[in-house]
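For reference, the structure discussed in these notes is given below.
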Amino acid sequence: MQFRLPRGTQDILPEDQPYWQLVTSTAQEMARRFAYDRIDTPVFEQAGLFERGVGEGTDIVEKETYTFPDRSNEMMTLRAEGTAPVCRAYLEHGMSNMPQPVRMHYFCPIFRYERPQAGRFRQHNQFGVEAIGDGDPSVDAEVIDLGWRFTEALGLKGLTLVINSIGDPECRPKYLETLKAAYKPYLEKVCPDCRMRFERNPLRMLDCKRTDFACQEHIAAAPQMADYLCDGCADHFAKLQGYLTSLGIPFQVNSSLVRGLDYYTRTVFEIQPPEEGAQSTVLGGGRYDGLIEQLGGRSTPGVGFGSGLERLVLNVKRQSVDIGENLVGVVDAVVVSMGDAAASVAVKLASQLRNSGLRAVLAQPGRSLRGQMRHATALGARYTLVIGDTEVEAGTAQLKDMATGDQRQVPLEEAASVICKGSDGI
RNA sequence: GUGAGCGUGGCCUAGCGGUAAGGCGCCUGUCUGUGGCACAGGAGACCGAGGGUUCGAAUCCCUUCGCUCACCCCA
């Protein structure tokens with residue numbers, strides 16, 4: 001084979017489309033109920049947007065972006081993340097003049113140059129929402145509520161909502177200092193990765209899973225962010241938990257929940273499915289009160305999440321969720337013909353059926369009758385319409401119900417309506 | 001970027017040193033105007049690629065590419 005799809009990309013084949021349809025239509029319905037209107041942003045942006053927005057020190061920007069100079073040597077980056085572009089659009093279109101917060105949702109492909117593995121791709125699709133312009137914890141709760149109802153509505157069982165507060169620019173630096181101070185004497189005992197994290201991203205040390213070094217005991221003994229939150233952050237987090245409780249959404253507070261993007265402040269959260277597997281997070285997000293300002297706007301709070309559609313599809317399949325009527329490949333009628341005269345009548349009949357809204361296929365006129373009938377069976381046709389010389393003369397077709405084998409002659413112009421009645425099943 | 005496993009027709013699988021086998025699927029026929037079953041036949045593979053060992057390699061060795069899984073990190 002000469003051409004293959006690029007590493008980390010995938011074809012979504014017709015047979016998978018019903019699952020995608022379930023996921024996207026459910027997402028759309030949730031966005032509608034919560035009044036999050038749709039926004040689409042370009043597939044690529046000026047490279048600086050992601051550098052400034054996501055953070056230059058993050059893995060995403062440092063080694064995962066698809067960045068290239070265009071023909072006039074401007075650096076462009078394929079969308080590496082959904083939030084920064086939406087914030088850019090918020091600023092660019094003066095949305096601060098709209099009633100706040102501005103609620104938006106999006107469906108878009110995301111590109112990251114990573115080594116692919118189960119549930120991880122170089123191009124994947126996200127459904128995401130953003131509520132920009134309101135810092136109240138009730139908005140955090142609303143966004144989480146939307147995400148929770150969405151995954152729930154997909155029929156997924158055993159989901160876990162994990163939340164945490166990572167503070168703000170006021171209290172986080174102080175906490176990081178104490179955390180590092182606590183680790184400093186023991187750097188030799190901790191794994192090499194944690195030694196790196198100590199410099200690059202200390203919060204990550206709390207998330208280390210290695211047991212072959214002393215990491216775990218230091219995690220247990222480490223100071224907790226919760227104890228260092230400033231009054232504002234502590235109050236925000238407490239209120240959020242109160243709202244979630246009254247919403248009846250079960251959650252776990254996990255102080256080691258850290259996210260890889262620099263812009264998060266205060267609330268961060270993830271929804272995880274029951275299957276273990278390495279890439280388990282199906283939806284993740286948080287608050288980003290500093291992002292808009294970072295992008296050159298006035299200080300504006302925001303919250304949102306992104307959810308990975310292929311991971312959701314994976315879980316829907318794994319849990320054998322009923323995809324209902326979204327079946328592919330059901331054909332209402334196949335038109336079968338014998339002889340040249342019948343062929344042109346058949347071509348016209350198939351067209352008429354389609355114009356009546358039926359899903360109709362014309363069997364290749366050259367094939368044997370037997371072959372055409374087999375083809376109809378293979379396509380799962382509910383009816384066949386057979387036209388031979390006799391039918392051409394009479395202006396009729398033999399209508400056969402493929403399930404029962406019953407067959408009768410119908411005038412050509414009545415064929416569509418007879419099938420429609422039958423297909424309604426009423 | 002690091003590590004491990006695997007690469008045989010569209011899909012799945014056998015063969016593991018003597019020049020490719022089976023199943024599914026597709027097409028045709030048995031049934032010159034009727035499918036789902038059965039039977040018969042057909043199309044479709046330079047055995048991922050390159051090099052080496054050998055009289056001879058899909059089978060052994062090396063290299064490379066690709067796929068998969070895991071780490072890092074993320075949806």
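Computed from a predicted model, the values in this text were never measured in an experiment. For the numbers below, each heavy atom of this structure counts, side chains included, while hydrogens, waters and symmetry mates do not. Chain letters run A, B, ... following the sequence lines, proteins first and then strands; every chain starts at 1.
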Item checked: Between P of rG35(B) and CG of Leu369(A), the distance in whole Å -> 7 Å

Notebook entry, point to check: Just checking Arg197(A): base, sugar-phosphate only, or nothing, at a heavy-atom cut-off of under 4.0 Å?
Noted result: sugar-phosphate

Next item on the list: Answer with yes or no whether the side chains of Tyr288(A) and Glu130(A) bring together a donor and an acceptor at under 3.5 Å.
Entry: yes

Item checked: Each stem that RNA chain B is part of, given as range with range (3 or more consecutive Watson-Crick or G-U pairs, under 3.5 Å) -> B:1-7 with B:65-71, B:10-13 with B:21-24, B:26-30 with B:38-42, B:48-52 with B:60-64

Check: Base, sugar-phosphate alone, or nothing: which one does Ala403(A) contact when heavy atoms must sit under 4.0 Å apart?
Finding: base

Note to self: Taking the basic N atoms (NZ, or NE/NH1/NH2) and the acidic carboxylate oxygens, is any pair closer than 4.0 Å for Arg382(A) and Asp332(A)?
What the structure shows: yes

Notebook entry, point to check: Looking only at side-chain N and O atoms, does Ser368(A) come under 4.0 Å of OP1 or OP2 in rC31(B)?
Noted result: no

Margin query: Within residues 152-166 of chain A, which residues have any heavy atom lying less than 4.0 Å from an atom of RNA chain B?
Written below: none

Next item on the list: I would like to know whether Tyr36(A) and Glu142(A) meet side chain to side chain donor-acceptor pair (under 3.5 Å); could you show each step before the answer?
Entry: CA-CA 11 Å; Tyr36(A) 282 64; Glu142(A) 174 181 288; 2.4 Å; yes

Margin query: Tell me the interatomic distance from Tyr383(A), atom OH, to rU34(B), atom C1', rounded to whole angstroms.
Written below: 17 Å

Checklist line | First encountered from the 5' end of RNA chain B, between Ala378(A) and Leu309(A) | finding: Ala378(A)

Next item on the list: Grab the CZ-P distance between Phe107(A) and rA75(B) for me, whole Å please.
Entry: 17 Å

Next item on the list: Just grab all the salt bridge (charged side-chain N to carboxylate O under 4.0 Å, His left out) pairs involving residues 143-164 of chain A, residues at least two apart or on different chains.
Entry: Asp145(A)-Arg149(A), Arg149(A)-Glu152(A)

Next item on the list: Walk me through it: do His236(A) and Asp168(A) pass the test side chain to side chain donor-acceptor pair (under 3.5 Å)?
Entry: CA-CA 11 Å; His236(A) 186 97; Asp168(A) 66 12; over 6 Å; no

Margin query: So Glu391(A), base contact, sugar-phosphate only, or nothing? Heavy-atom distance under 4.0 Å.
Written below: base

Notebook entry, point to check: Does a distance-only test, which skips hydrogens and angles, find a donor-acceptor pair under 3.5 Å between the side chain of Gln407(A) and the base of rU34(B)?
Noted result: yes

Notebook entry, point to check: Which letter, B, S or -, goes with each nucleotide of nucleotides 38-45 of chain B from 5' to 3', with contact meaning a protein heavy atom under 4.0 Å?
Noted result: B-------

Notebook entry, point to check: Do Arg79(A) and Thr41(A) have side-chain N/O donor and acceptor atoms under 3.5 Å apart?
Noted result: yes

Next item on the list: Among rG35(B), rG33(B), rA75(B), find the nucleotide with the atom closest to the side chain of Glu310(A).
Entry: rA75(B)

Check: Heavy atoms under 4.0 Å, any strand shown: does Gly128(A) hit a base, just sugar-phosphate, or nothing?
Finding: nothing

Notebook entry, point to check: Expressed in angstrom and rounded to an integer, what is the separation of Phe50(A) atom CZ from rC73(B) atom C1'?
Noted result: 17 Å

Next item on the list: Mark yes or no for a side-chain to base donor-acceptor pair under 3.5 Å between Lys400(A) and rG35(B), with no hydrogen or angle criteria applied.
Entry: yes

Next item on the list: State which residues pass side chain to side chain donor-acceptor pair (under 3.5 Å) with Lys63(A); sequence neighbours excluded, sorted by chain then number.
Entry: none

Next item on the list: Take atom OH of Tyr113(A) and atom C1' of rC73(B), then tell me their distance rounded to the nearest Å.
Entry: 16 Å

Margin query: Please pick, from rU34(B), rA75(B), rC67(B), the nucleotide with the shortest atom-to-atom distance to any side-chain atom of Gln398(A).
Written below: rU34(B)

Notebook entry, point to check: Has Gln117(A) got a side-chain N or O lying under 4.0 Å from the OP1 or OP2 atom of rA70(B)?
Noted result: yes

Check: How would you label the contact of Gly119(A) with the nucleic acid (heavy atoms, under 4.0 Å): base, sugar-phosphate, or nothing?
Finding: base

Check: Using 30° and 60° as the class limits, which term best fits the ring planes of Phe127(A) and Phe305(A): parallel, tilted or perpendicular?
Finding: perpendicular

Item checked: Reading 5' to 3' through nucleotides 2-9 of chain B, protein heavy-atom contacts under 4.0 Å coded B for base, S for sugar-phosphate only, - for none -> BB------

Check: Going by modelled atom types, is there a donor-acceptor pair between the base of rG33(B) and the side chain of Gln372(A) at under 3.5 Å?
Finding: no

Next item on the list: For Thr384(A), report the nucleic acid contact type (base, sugar-phosphate, nothing); a contact means any heavy atom under 4.0 Å.
Entry: nothing

Checklist line | Nucleotide nearest Thr281(A) (side chain, heavy atoms from C-beta), chosen from rA75(B), rU68(B), rU34(B) | finding: rA75(B)

Margin query: Applying a 4.0 Å non-hydrogen cut-off, can you work out what Phe305(A) is touching in the nucleic acid: base, sugar-phosphate, or nothing?
Written below: nothing

Next item on the list: Specify whether Tyr175(A) and Tyr228(A) have parallel, tilted or perpendicular ring planes, treating 30° as the upper limit for parallel and 60° as the lower limit for perpendicular.
Entry: tilted

Next item on the list: Go through the N and O atoms of the side chain of Thr377(A) and the base of rG36(B), and report whether any donor-acceptor pair is under 3.5 Å.
Entry: no

